[in-house]
There are 2 protein chains.
Amino acid sequence: MENNLKNRNRDPDCPVRTVLDRIGDKWAVLVITTLGEEGTMRFNHLYETIGDISQKMLTVTLKKLQEDGLVSRKMYQEIPPRVEYTLTDTGVTLVPLLNALAEWANANMKGIKKSRSVYAEVN
Amino acid sequence: MENNLKNRNRDPDCPVRTVLDRIGDKWAVLVITTLGEEGTMRFNHLYETIGDISQKMLTVTLKKLQEDGLVSRKMYQEIPPRVEYTLTDTGVTLVPLLNALAEWANANMKGIKKSRSVYAEVN
DNA sequence: TTTGCCAATTACTTTGGGGTAAGTAATACT
DNA sequence: AGTATTACTTACCCCAAAGTAATTGGCAAA
């Protein structure tokens with residue numbers, strides 16, 4: 001409660017920013033919410049479910065999420081290769097927050113779109 | 001509940017993406033949470049409170065938020081000019097969600113940083 | 001008369017996110 | 001022999017987002 005706004009915002013280690021670097025990433029959010037609904041998934045399953053992500057961005061995003069300990073990766077020594085991705089316990093705790101945002105989005109999209117079109121008319 | 005994941009994700013009007021376009025923006029989040037704490041603020045007050053945003057990005061961000069109807073702008077015909085920014089009712093409803101994310105960030109930053117450093121060592 | 005204030009705007013440059021396409025390893029199938 | 005599969009990696013390129021720095025307008029105070 002007694003946080004100093006200025007200090008918080010200037011802090012290079014600001015937790016909010018640390019998190020936004022990941023959560024603000026559209027692909028990361030999509031991966032987390034998708035894993036949150038489907039549980040464990042293989043690479044191509046994620047790739048097809050998300051639909052418009054490229055392989056490159058999926059690889060990059062998964063790597064970042066592993067790095068942060070939000071997603072775990074399990075590789076099977078088989079041919080053809082099999083790799084499974086699952087949310088970690090920490091990752092799971094993020095899902096309800098993202099879902100809350102999604103619900104907010106659903107509830108407010110109409111108003112936002114209307115506001116945008118009104119704004120566009122005036123300008 | 002019976003949402004089809006694939007359809008949802010391929011939908012160009014997907015609410016989640018519509019919202020992420022704004023919420024995923026680091027500056028927008030900073031502006032909303034700052035206004036959420038301080039109430040009405042003038043341009044320079046926001047500028048100084050956020051600290052490391054440029055005037056340009058603050059202007060651009062405020063414009064986007066107005067466009068979406070999340071922030072209202074009130075201009076006084078005075079010299080030197082005075083402009084006040086306030087969250088709209090819709091904008092206010094977003095604050096607790098963003099604060100929840102901030103709390104999550106605070107609670108999990110330590111773990112994330114540790115995970116990152118462990119990951120860095122291995123690779 | 002020069003400076004400062006406030007809220008921008010403009011011009012210019014840089015960064016990097018993200019796309020496409022091709023390549024890779026190792027094996028099984030035809 | 002040739003092709004498919006899986007989970008990537010690599011190389012190359014583009015464009016929009018964001019940063020920097022200078023400028024504006026109109027008035028008041030030093």
Side-chain angles (χ1 to χ4, degrees), chain A residues 9-10 12 14 17 20-32 34-35 38 40-68 71-86 119 122-123, chain B residues 9-10 12 14 17-32 34-35 38 40-68 71-86 119 122-123:
Chain A
N9 286 335
R10 288 181 202 279
C14 168
R17 297 185 187 206
L20 270 182
D21 281 346
R22 294 292 190 248
I23 304 324
D25 180 9
K26 156 185 160 189
W27 296 132
V29 171
L30 249 12
V31 166
I32 292 171
T34 304
L35 281 178
E38 300 265 307
T40 296
M41 293 175 84
R42 298 179 62 179
F43 185 87
N44 274 349
H45 189 194
L46 266 169
Y47 181 60
E48 284 154 19
T49 303
I50 294 180
D52 59 353
I53 192 173
S54 67
Q55 288 189 323
K56 175 188 166 184
M57 289 316 296
L58 182 53
T59 304
V60 169
T61 302
L62 285 169
K63 208 174 279 181
K64 283 189 201 166
L65 292 174
Q66 284 171 67
E67 195 179 338
D68 285 3
V71 162
S72 68
R73 180 191 143 109
K74 187 171 181 184
M75 221 180 113
Y76 296 85
Q77 286 300 352
E78 302 176 2
I79 301 261
R82 179 156 62 105
V83 183
E84 288 179 349
Y85 294 94
T86 314
Y119 186 93
V122 176
N123 306 272
Chain B
N9 285 336
R10 286 180 205 280
C14 169
R17 296 185 189 208
T18 303
V19 163
L20 271 182
D21 281 347
R22 294 292 189 251
I23 305 323
D25 180 10
K26 156 187 160 190
W27 296 132
V29 172
L30 249 11
V31 167
I32 292 171
T34 304
L35 281 177
E38 300 267 306
T40 297
M41 292 174 86
R42 298 179 61 178
F43 185 87
N44 273 349
H45 189 193
L46 267 168
Y47 180 60
E48 284 154 20
T49 303
I50 294 179
D52 60 353
I53 192 173
S54 67
Q55 290 186 322
K56 176 188 165 184
M57 289 316 296
L58 181 52
T59 304
V60 168
T61 302
L62 285 169
K63 208 174 279 180
K64 283 189 200 166
L65 292 175
Q66 285 171 66
E67 194 179 340
D68 285 4
V71 162
S72 68
R73 180 191 141 111
K74 187 171 181 186
M75 220 179 113
Y76 297 85
Q77 286 300 353
E78 301 174 3
I79 299 233
R82 179 155 62 106
V83 183
E84 288 179 349
Y85 295 95
T86 313
Y119 186 94
V122 177
N123 305 274

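Chain identifiers are assigned alphabetically (A, B, ...) following the order of the sequence lines, protein sequences preceding nucleic acid strands; residue numbering begins at 1 within each chain.
- Residues B:Tyr47 and B:Ile53 form a side-chain contact, since some pair of their non-hydrogen atoms from C-beta on lies under 4.5 Å apart.
- Following rounding to the nearest Å, B:Arg73 (CZ) and C:dA7 (C1') show an atom-to-atom distance of 8 Å.
- For the OP1/OP2 pair of D:dC8 and a distance below 4.0 Å, the side-chain nitrogens and oxygens of A:Arg82 include no atom meeting the criterion.
- Nucleotide C:dC6 holds its P atom 17 Å from the CD atom of B:Gln77, rounded to whole Å.
- In this structure, B:Thr86 and B:Leu35 approach most closely via the heavy-atom pair C-CD1, 4.4 Å.
- Between the CG atom of B:Asn44 and the P atom of C:dC5 there is a distance of 10 Å, given to the nearest Å.
- Between B:Leu58 atom CG and D:dG19 atom P the separation is 11 Å, expressed in whole Å.
- At a threshold of 4.0 angstrom between heavy atoms, the contacts of B:Tyr85 are confined to the sugar-phosphate backbone, with no base atom among them.
- Contact of the B:Lys64 side chain with the B:Asp25 side chain is registered, since non-hydrogen atoms from C-beta on lie closer than 4.5 Å.
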Go through it in stages, so that I can follow the logic: the residues are A:Tyr76 and A:Glu84, the test is side-chain hydrogen bond (donor to acceptor under 3.5 Å, both in side chains), and I'd like the CA-CA distance, side-chain angles, deciding distance and then a yes or no. CA-CA 8 Å; A:Tyr76 296 85; A:Glu84 288 179 349; 3.0 Å; yes

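- Between B:Thr59 and B:Phe43, some side-chain heavy-atom pair lies under the 4.5 Å cut-off.
- Rounded to whole Å, the distance from CD1 on B:Ile50 to C1' on D:dG19 is 16 Å.
- Between the CD atom of B:Glu84 and the P atom of C:dA8 there is a distance of 12 Å, rounded to whole Å.
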Counting primed atoms, P, OP1 and OP2 as sugar-phosphate and everything else as base, the B/S/- map of nucleotides 9-27 of chain C against protein heavy atoms under 4.0 Å is B-B------BBB-----BS

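- A:Arg42 places its CZ atom 10 Å from the P atom of D:dC8, with the value rounded to the nearest Å.
- Residues meeting the side chain to side chain contact (heavy atoms under 4.5 Å, CB included) test with A:Gln77, sequence neighbours left out: A:Met75.
- Separating the CE atom of A:Met75 from the P atom of D:dC8 is a distance of 8 Å, rounded to the nearest angstrom.
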